[in-house]
Amino acid sequence: MAQKPSIPKGTRDFLPIDVAKRNYIFSTIRNVFEKYGFNPIETPSFELSSTLLGKYGEEGDRLIFRILNSGEKVRKADLEALAADNLPKFANSLAEKALRYDLTVPFARFVVQHQNELSFPFKRYQIQPVWRADRPQHGRYQEFYQCDADVVGSDSLLHEIDLVFILDEVLSAFHLPGFTIKINNRKILSGIAEVCGELEKIVDITVAIDKLDKIGEEGVVQELTNRNISSSAIELIKPLFQLSGNNEQKISFLTDYLKNSEVGKQGIQELETVINSVEEIGLSKGILEFDVTLARGLNYYTGAIFEVKAHDVQMGSICGGGRYDDLTGLFGMRGLSGVGISFGADRIYDILTTLNLFPSDLEKGIRVMFVNFGNTESKAAYKLVYDLRKNGISAELYPDSVKIQKQMKYANDTKVQFVALLGKSELDSQSVQVKNMHSGEQSQLSWSELTTFFNK
RNA sequence: GAGGUUGUAGCUCAGCUGGUUAGAGCGCCGGAUUGUGGUUCCGGAGGUCGCGGGUUCGAACCCCGUCUUCCUCCCCA
């Protein structure tokens, strides 16, 4: 009856070493978040379906994991909807809860619900898993961690600037060989659509030009045509494809390009403020690049848009973010602006693994393991173990009196730093042999010297 | 959600046009070394060939279904 065990697609198990690596990522991010004044919160893994559905667009809804109603609640199934072939409505009637799809929408819900307990601007960070019913691929999982930092209740561009520095500081701390922080502004995209006389088609236009580096100029033109963008508008959009040079040059081009669009001009001004402020102080290792084709997350972003790509490695974006002026409006709280970023911990994990960038000391085992020589000796050894632990030194006694070789091998495999041998002769002289497993060096110490030795 | 691709020992992979007892390296276990790991030498164990059907005298190999892997779309961290 023994069936071969397995886990669902797009999920992974984590061995101790994997967890150590992931904790290294989390703590690096957490330290920077806290340095910039963000406080941690947590929200449930699952929310009411109504909280999540409709917030990520049609495509997003499809990727939300639903939790099937149980018990008597299965009776709530809307059979009429099924009969009418209205599958989405039927599906919604089957599941009134769903696993969270990201951390931003639950955060918006959280802010609205706890508005009277929070001081604004409210700066929170959140490191928790999210779930997407996506088709797994390289760097995409159905369960993965996001590490978010958001500010709500302040329009100040200072936050955008802070967030750029957070991105730079965290990724620099990982020793990535290089990375580009791409920045754009939704208002610039609106301005482009407006200037082209296709303001209503902003989503179509931006989705198409977002693919420029992937499908090339011709592909984008084709895509624009397919999306019913007029050829005159396409002609107006075309110059953007050739946009090159440094940030300053691009900005100056767009300043002229958008001179007849109020919203566009505002976008330029915001972008310029952020870029100039960042450049004045300077990034550590990242490159800040204005990219007009960057158009992610159009469902709720209204101002700055961020995305980070690591150099020298094939991987989708490792961070994303932006400003959303009315996210809490969806939950009935208007006039509250938010801006935030999200680190994709699992993608960063994969990149650090590929580039061999994890610190080597993550695998460090306990400080000292006592070899078990049998009842009499281990009794004395255990007293010493207990004493070491009382002094804050991690220690253990091998549980069974088996062959020394086997015990040494266990110590070696688990990266024990020192092995202590306390056999018959050591018992007689109240001493232990202490072996440094890294250097192989061995010395004899009296019992009273042990704590001092390991406290060094 | 659409199309393609992959699955053989714990891991990485061989396995001829379908043909007897399915192989290697690494790892694991044991011994050389019953008070010394990481190196070396010797020996050993370990496989429902992803799963379920089908074709065939005969299937790891061919066909169908299913799950999984990776890839391209879609979308995204």
Side-chain angles (χ1 to χ4, degrees), chain A residues 1-12 15 25 29 56-64 87-88 101-104 127-148 167 203 207 210-211 214-215 219 223 294-299 306-310 314-321 340-351 365 369-374 377 398 401-427 432-442 444:
Chain A
M1 311 307 106
Q3 88 186 49
K4 206 180 217 173
S6 64
I7 54 175
K9 69 176 170 189
T11 64
R12 294 151 301 158
L15 294 169
I25 291 175
I29 293 173
Y56 309 100
E58 218 175 293
E59 193 61 25
D61 279 1
R62 203 194 76 207
L63 300 176
I64 292 173
L87 294 181
Y101 175 89
D102 72 357
L103 300 177
T104 308
I127 298 177
Q128 290 192 278
V130 301
W131 294 268
R132 294 185 187 176
D134 206 355
R135 183 157 297 196
Q137 257 181 65
H138 176 64
R140 23 171 57 167
Y141 303 98
Q142 294 206 333
E143 176 183 65
F144 60 95
Y145 272 83
Q146 287 194 328
C147 312
D148 278 30
L167 290 168
V203 172
V207 165
D210 186 47
K211 297 178 183 172
K214 210 168 190 175
I215 60 179
E223 178 104 15
L294 175 62
R296 54 188 313 288
L298 275 161
N299 294 303
F306 303 111
E307 180 171 290
V308 181
K309 295 272 287 186
Q314 195 174 5
M315 180 63 75
S317 60
I318 54 175
C319 308
I341 50 169
S342 178
F343 288 86
D346 298 80
R347 285 189 174 177
I348 292 170
Y349 179 101
D350 288 348
I351 289 175
M369 183 196 94
F370 278 72
V371 169
N372 191 321
F373 279 89
E377 292 89 342
Y398 193 88
S401 172
V402 296
K403 251 170 49 167
I404 312 300
Q405 192 182 191
K406 191 175 165 68
Q407 302 192 38
M408 293 299 287
K409 186 167 160 44
Y410 175 83
N412 192 55
D413 290 346
T414 56
K415 308 285 186 284
V416 166
Q417 295 165 52
F418 290 88
V419 164
L421 299 111
L422 197 169
K424 179 84 173 59
S425 59
E426 287 83 7
L427 189 62
V432 289
Q433 295 286 338
V434 174
K435 176 164 185 169
N436 180 323
M437 291 297 280
H438 184 67
S439 65
E441 196 182 327
Q442 188 167 316
Q444 184 155 8

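Order of the sequence lines fixes the chain letters, A, B, ..., with proteins taken first and strands second; residue numbering starts at 1 for each chain.
- Applying the ring pair (Phe, Tyr, Trp, His ring centres under 6.0 Å) rule to A/Tyr145 yields the partners A/Phe26; only residues at least two apart in sequence or on another chain are considered.
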- Message: Please encode protein proximity along nucleotides 29-35 of chain B as a string of B, S and -, counting only heavy-atom distances under 4.0 Å.
- Response: S-S---B

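- Summarising the geometry, the separation between CG on A/Leu15 and P on B/C11 is reported as 12 Å, rounded to the nearest angstrom.
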- Note on the structure: For nucleotides 66-74 of chain B, 5' to 3', base contacts (B), sugar-phosphate-only contacts (S) and non-contacts (-) with protein non-hydrogen atoms under 4.0 Å give --SSSBBBB

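- Look at CZ on A/Arg132: it is 16 Å from C1' on B/G1, rounded to the nearest Å.
- Minimum atom distance to the side chain of A/Asn412 is reached by B/G38, of the listed B/U36, B/G38, B/C75.
- Distance noted for atom P between B/C61 and B/G1: 29 Å (whole Å).
- By the 30° and 60° cut-offs, the orientation of the rings of A/Tyr398 relative to A/Tyr410 is perpendicular.
- Among pairs with a residue in residues 128-140 of chain A, those fulfilling side chain to side chain donor-acceptor pair (under 3.5 Å) read A/Gln126-A/Gln128, A/Trp131-A/Glu143, at least two apart in sequence or across chains.
- Rounded to an integer number of Å, the gap from A/Tyr398 OH to B/G37 P is 14 Å.
- Pairs of Watson-Crick or G-U wobble type, with distances under 3.5 Å, assemble into runs of 3 or more in RNA chain B at these ranges: B:1-4 with B:70-73, B:10-13 with B:23-26, B:28-32 with B:40-44, B:50-54 with B:62-66.
- Whole-Å rounding puts the A/Tyr410 OH to B/G38 P distance at 16 Å.
- A/Phe144 places its CZ atom 16 Å from the P atom of B/C75, with the value rounded to the nearest Å.
- Spacing between B/U5 and B/U72 at atom P, rounded to whole Å, works out to 15 Å.
- Here A/Gln417 pairs with A/Arg367 under the side-chain hydrogen bond (donor to acceptor under 3.5 Å, both in side chains) rule; sequence neighbours left out.
- When rounded to the nearest whole Å, the span between CD of A/Gln142 and C1' of B/C75 equals 14 Å.
- Straight-line distance from the CE atom of A/Met437 to the P atom of B/U36: 13 Å, rounded to whole Å.
- Taking atom P in both B/U8 and B/G47, one finds a spacing of 15 Å when rounded to whole Å.
- Within 4.0 Å of A/Ser342, counting heavy atoms only, lies no atom of the nucleic acid at all.
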